[in-house]
Protein chains: 2
Amino acid sequence: MRYSIGQAAKKMNLTAHTLRYYDKEGLLPFVQKTSAGQRVFTEQDMEWLVIIECLKETGLQLKEIKQYIDWCQQGDCTLEKRLNMFKQQKKKVEEQIMKMQKNLEKVNFKIAYYEEAVKNGSVDVYKRNKCLAEQKERLFGNLTESGK
Amino acid sequence: MRYSIGQAAKKMNLTAHTLRYYDKEGLLPFVQKTSAGQRVFTEQDMEWLVIIECLKETGLQLKEIKQYIDWCQQGDCTLEKRLNMFKQQKKKVEEQIMKMQKNLEKVNFKIAYYEEAVKNGSVDVYKRNKCLAEQKERLFGNLTESGK
DNA sequence: TTAATCTTTAGAGTTTACTCTAAGTCAAGC
DNA sequence: GCTTGACTTAGAGTAAACTCTAAAGATTAA
């Protein structure tokens with residue numbers, strides 16, 4: 001299966017504009033063109049796009065992703081660099097997941113808070129609900145009390 | 001405990017510039033100033049900053065965060081709006097965590113791949129290691145084969 | 001009191017990642 | 001063959017979130 005730029009874009013939930021931009025930035029050196037100059041994306045190219053997407057979502061900038069692509073083009077002498085990059089990336093992703101779980105706790109707290117507030121028609125929650133007041137201390141107090 | 005803009009910034013891992021920018025954008029209407037015009041951040045203000053940080057990290061734009069702050073300023077008649085916002089946000093955070101876990105799987109696969117490649121000094125991994133080849137199908141194949 | 005450091009404002013500049021336009025070329029269906 | 005829609009390039013424009021500058025005023029420590 002081969003894809004035009006439009007089909008590839010659709011599959012990846014991007015626009016053709018974006019794929020051309022990535023190409024211009026040197027992220028897609030592997031994509032071939034027809035004699036008429038039109039890009040053709042192979043299945044393998046789609047796997048590259050999946051990895052580029054993954055690296056982008058985990059916080060790498062396009063120029064850092066380009067660095068990785070460049071290493072891939074340079075051959076086996078860069079294998080260790082690539083391995084190290086992914087090891088670093090693993091740490092970052094794990095940190096991001098932990099951070100997101102903490103954010104989820106804060107959001108859950110706010111939902112509990114506003115459910116209580118809506119029930120009473122007022123923001124005056126902590127006086128009625130000691131449990132929420134304690135939770136608040138745990139989630140917000142630590143940052144504002146400790147550390148200094 | 002009260003904080004100058006510089007101290008507040010340090011505590012939140014931001015710069016004073018950024019906090020002034022947030023203020024200019026209407027995100028910090030609660031921050032008071034001294035008679036000489038200098039901002040004073042209270043403990044409560046720091047909690048606001050923690051929530052702003054949380055909303056920012058979970059993907060809200062500053063103008064959407066401002067919307068929330070505005071609702072807070074408007075009083076109890078916006079309680080339900082705020083509750084709904086956090087409920088939506090909860091969904092988004094849960095999706096982000098799931099996405100990150102998928103990204104982690106991809107990164108872990110790449111680490112396994114490159115560890116194998118480094119061991120053999122070559123990128124020619126799938127021929128030697130069928131297990132990795134299958135994993136690759138599971139992680140990348142589904143996106144490139146299904147859906148169309 | 002005086003130097004060093006912090007804070008103030010308005011406003012200009014930067015970075016990143018798109019996003020769009022124009023003018024033209026190519027491919028598929030009728 | 002013709003139309004329609006997708007593709008090409010170079011390059012301009014945009015949005016978001018800072019980031020920095022300059023010039024002046026405030027605060028702190030010796």
Side-chain angles (χ1 to χ4, degrees), chain A residues 1-42 45-46 48-70 92 96 148, chain B residues 1-42 45-46 48-70 92 103 148:
Chain A
M1 187 69 195
R2 271 130 202 277
Y3 306 88
S4 71
I5 195 168
Q7 292 168 324
K10 201 168 193 178
K11 223 162 162 46
M12 295 302 300
N13 258 310
L14 299 167
T15 69
H17 282 307
T18 301
L19 285 179
R20 269 183 225 111
Y21 169 67
Y22 285 178
D23 199 2
K24 196 164 63 179
E25 296 297 305
L27 269 68
L28 315 178
F30 42 81
V31 173
Q32 303 294 307
K33 291 185 178 180
T34 66
S35 55
Q38 296 192 223
R39 291 173 188 80
V40 180
F41 290 75
T42 66
D45 296 346
M46 298 310 286
W48 277 105
L49 291 183
V50 171
I51 276 297
I52 287 170
E53 181 90 342
C54 171
L55 292 174
K56 200 178 51 164
E57 281 176 4
T58 55
L60 282 198
Q61 291 185 1
L62 296 193
K63 63 183 169 188
E64 295 170 307
I65 299 175
K66 177 176 162 33
Q67 172 70 275
Y68 167 67
I69 305 276
D70 288 347
K92 279 170 57 181
Q96 282 171 39
K148 189 148 205 181
Chain B
M1 185 68 194
R2 270 129 202 280
Y3 306 89
S4 70
I5 195 168
Q7 292 169 324
K10 200 168 195 178
K11 223 163 161 49
M12 295 302 300
N13 257 309
L14 300 167
T15 69
H17 282 306
T18 301
L19 285 179
R20 268 182 226 113
Y21 169 67
Y22 285 178
D23 199 3
K24 195 165 64 181
E25 295 298 302
L27 268 69
L28 315 179
F30 42 82
V31 173
Q32 303 293 308
K33 292 186 176 178
T34 65
S35 56
Q38 298 195 222
R39 291 172 188 80
V40 180
F41 290 75
T42 66
D45 296 345
M46 299 309 286
W48 278 104
L49 290 182
V50 171
I51 275 297
I52 287 171
E53 180 90 340
C54 171
L55 293 174
K56 200 178 52 166
E57 281 176 3
T58 56
L60 283 197
Q61 290 184 2
L62 296 191
K63 64 182 169 189
E64 294 169 307
I65 299 174
K66 176 176 162 35
Q67 171 70 274
Y68 166 67
I69 305 276
D70 288 348
K92 279 170 56 182
N103 284 330
K148 190 150 206 179

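Throughout, protein chains are lettered first and strands after them, A, B, ... in sequence-line order, and every chain is numbered starting at 1. Computed from heavy atoms alone, side chains included, the values below leave out hydrogens, waters and symmetry copies.
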Asks: Looking for any heavy atom pair under 4.0 Å, which part of the strands does B:Arg20 touch: base, sugar-phosphate only, or nothing?
Replies: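 Contact class for B:Arg20: base.
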
Asks: When you compare the side chain of A:Gln7 with that of A:Arg2, does any pair of heavy atoms fall below 4.5 Å?
Replies: no

Asks: Please determine whether a side-chain nitrogen or oxygen atom of B:Ser4 lies at a distance below 4.0 Å from atom OP1 or OP2 of C:dC6.
Replies: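 So the side chain of B:Ser4 is outside the cut-off, no N or O lying under 4.0 Å from OP1 or OP2 of C:dC6.
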
Asks: For A:Lys33 and D:dT9, is the shortest distance between a side-chain N/O and OP1 or OP2 below 4.0 Å?
Replies: yes

Asks: In whole angstrom, give the distance that lies between atom CD of B:Gln32 and atom P of C:dT8.
Replies: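 Checked: the CD to P distance equals 14 Å.
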
Asks: Does the plane of the ring in B:Trp48 sit parallel, tilted or perpendicular to the ring in B:Phe30? Use 30° and 60° as the thresholds.
Replies: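 Parallel, since the angle between the ring planes stays under 30°.
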
Asks: Just so I know, are the side chains of A:Gln32 and A:Asp45 near enough to count as touching, which here means a heavy-atom distance under 4.5 Å?
Replies: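 A side-chain contact under 4.5 Å is absent here.
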
Asks: Does C:dT16 have OP1 or OP2 under 4.0 Å away from a side-chain N or O of A:Gln61?
Replies: yes

Asks: Any side-chain N or O of B:Arg39 less than 4.0 Å from the OP1 or OP2 oxygen of C:dT8?
Replies: yes

Asks: Side chain of B:Ile5 only, please: which of C:dG11, C:dT19, C:dT8 is the nearest?
Replies: C:dT8

Asks: If you take all heavy atoms of A:Ala8 and A:Tyr3, which pair is closest and at what distance?
Replies: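 Smallest interatomic distance, heavy atoms only, reads N-CB, 3.9 Å.
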
Asks: So what does B:Lys56 touch, heavy atoms closer than 4.0 Å: a base, only the sugar-phosphate, or nothing?
Replies: sugar-phosphate

Asks: When you match A:Tyr21 and A:Ala36 each to their closest nucleotide on DNA chain C, which lands nearer the 5' end?
Replies: A:Tyr21

